[in-house]
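Comments concern the structure below.
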Amino acid sequence: MIETRGVTVRLGERDVVRDVGMRVRQGEWVAVIGPNGAGKSTLLKAVMGLVAHGGEVLLDGRPAAGLKPRARARLVAYAPQTPSLPPDMSVFDYALLGRTPYIPYLGRESGHDREVTASVLARLDLSELAGRRVGELSGGERQRVVLARALAQQAPVLLLDEPTTALDLGHQQQVLELVDRLRRADGLTVVTTLHDLTVAGLYADALLLLADGRAAASGLPAEVLTEELVGRHFGAHVKIEPGPDGRPVVHLVRSGS
């Protein structure tokens, strides 16, 4: 569904992403992990066409460079890490922005667009908040509203940049379980950046580890989350053990312990 070949992004005098190849199959969840500054968010922006890049991005087997923005938006929905949320806009109207790729230029949304938006809000348990202003929402509610806008695009690919940023533990789990449930129900292909390595290994089918802009490792969570790789690329002393479901759990180890 998504493939990158030798993708490189240069910002200023530095290559933030360097020669990254990635393949994500239809219906798969891939989590991009790595230390701060590794190029995770920039890679997602390159896939979405938001930053100039070298190399090639393929979406559903088609070169993304040849797609017009509206066509790309019908294939890929993107939720940035720090979205701009107009505080006075209603939850419904903000989610309705996800229908923009289907609304004619200088046109208005159709009844179908409003039906799709209402259905997405219902699936995310946001119907009761539809008339509330975005600025009045809690952190967890805002994250669900951002997800609602992305889902309203009805794109088969979902790119989520740190969807659990600034959320407490309960809201993190709520958002991730929701994404997983929708992915399985609708066959969505999901690519996320995630800061928490244990969480990434728990929810994703596969991991891509970026370090200094390059792909340092990729594969199943147990293949990427090893003490050697995490220690080398994160500069952390860790112990990694299988959890109850066999997936890796990353524990920090105090120096000298």
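Side-chain N or O atoms of Glu223 include one that pairs as donor or acceptor with a backbone N or O of Leu220 at under 3.5 Å. Formation of a donor-acceptor pair under 3.5 Å by the Arg132 side chain with backbone atoms of Phe92 is not found in this model. Of the possible donor and acceptor atoms, none in the side chain of Thr192 sits under 3.5 Å from a partner among the backbone N and O of Leu160. With Thr4 contributing its side chain and Val57 its backbone, the two residues share no donor-acceptor pair below 3.5 Å. Within the 3.5 Å criterion, the main-chain N or O of Glu162 finds a donor-acceptor partner in the side chain of Thr193. With hydrogens and angles ignored, the 3.5 Å screen pairs no side-chain donor or acceptor of Arg5 with any backbone N or O of Gly55. Arg133 contributes no side-chain N or O that, together with a main-chain N or O of Pro87, makes up a donor-acceptor pair within less than 3.5 Å. One N or O on the side chain of Arg247 and one on the backbone of Ala204 form a donor-acceptor pair closer than 3.5 Å. Checking side-chain atoms of Arg72 against main-chain N and O of Ala64 turns up a donor-acceptor pair under 3.5 Å. Side-chain N or O atoms of Ser110 include one that pairs as donor or acceptor with a backbone N or O of His112 at under 3.5 Å.
Hydrophobic cluster membership is shared by Val24 and Leu43, with clusters built from Ile, Leu, Val, Met, Phe, Trp and Tyr side chains linked at under 4.5 angstrom. Follow the hydrophobic side-chain contacts under 4.5 Å out from Val76 and you never reach Leu97; the two are in separate clusters. Residues Val190 and Val120 share a hydrophobic cluster, clusters being chains of Ile/Leu/Val/Met/Phe/Trp/Tyr side chains in contact below 4.5 Å. Val51 and Val20 end up in the same hydrophobic cluster when Ile, Leu, Val, Met, Phe, Trp and Tyr side chains are linked at under 4.5 Å.
The nearest pair of heavy atoms linking Phe234 to Pro35 is CE2-N, 3.5 Å. Here the closest heavy-atom approach between residue Met1 and residue Val157 is recorded as CG-CG2, 3.5 Å. Among all heavy-atom pairs drawn from Ala95 and Ala152, the shortest one is O-CB, 3.6 Å. The shortest heavy-atom contact between Val224 and Ser218 is CG2-C, 3.6 Å.
Annotation for His195: atom NE2 does not count as buried by contact number, only 12 or fewer foreign heavy atoms lying within 6.0 Å.
In this structure, Arg70 forms no cation-pi arrangement with Tyr102, as its terminal cationic atom is not both closer than 6.0 Å to the ring centre and no more than 45° off the ring axis.
The line from NE2 of His251 to NE2 of His237 is 13.0 Å long, rounded to the nearest 0.5 Å. Atom CZ of Arg114 and atom CG of Asp93 lie 6.5 Å apart (nearest 0.5 Å). Going from atom CG of Leu44 over to atom CG of Leu50 covers 9.5 Å, rounded to the nearest 0.5 Å. In this structure, the separation between CG on Leu151 and CG on Leu188 is 6.5 Å, given to the nearest 0.5 Å. From Ile33, atom CD1 reaches atom CG of Leu210 across 8.5 Å, with rounding to the nearest 0.5 Å. Interatomic distance, Glu115 CD to Asp113 CG, rounded to the nearest 0.5 Å: 9.0 Å.
At least one side-chain heavy atom of Leu137 sits less than 4.5 Å from a side-chain heavy atom of Val91. Using a 4.5 Å heavy-atom cutoff, the side chains of Glu109 and Leu96 are in contact. Using a 4.5 Å cut-off on side-chain heavy atoms (C-beta onward), Pro248 and Thr198 make no contact. Side-chain atoms of Val249 and Ile240, non-hydrogen and from C-beta on, never get closer than 4.5 Å to each other. Looking at Val17 and His53, their side chains never come closer than 4.5 Å, going by heavy atoms from C-beta outward. In this structure the side chain of Val7 never reaches within 4.5 angstrom of the side chain of Glu56, judged on heavy atoms.
One side chain, Asp161 or Ser41, offers a donor N or O that lies under 3.5 Å from an acceptor on the other. Side-chain polar atoms of Gln154 and Arg99 form a donor-acceptor pair below 3.5 angstrom.
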Output, in order, the C-alpha distance, side-chain angles, deciding distance and verdict of side chain to side chain contact (heavy atoms under 4.5 Å, CB included) for Val30 and Leu207. CA-CA 6 Å; Val30 170; Leu207 305 181; over 6 Å; no
What verdict does the salt bridge (Lys or Arg N to Asp or Glu O under 4.0 Å) test give for Arg232 and Glu228, after you've listed the backbone C-alpha separation in whole Å, the side-chain angles of each residue and the deciding distance to 0.1 Å? CA-CA 6 Å; Arg232 185 200 316 167; Glu228 191 274 331; 2.4 Å; yes
Any chance you could lay out the side chain to side chain contact (heavy atoms under 4.5 Å, CB included) test for Val199 and Leu197, step after step, and finish with the verdict? CA-CA 5 Å; Val199 167; Leu197 300 183; over 6 Å; no
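Applying the salt bridge (Lys or Arg N to Asp or Glu O under 4.0 Å) definition to pairs two or more places apart or across chains, those involving residues 192-218 are Arg183-Asp205.
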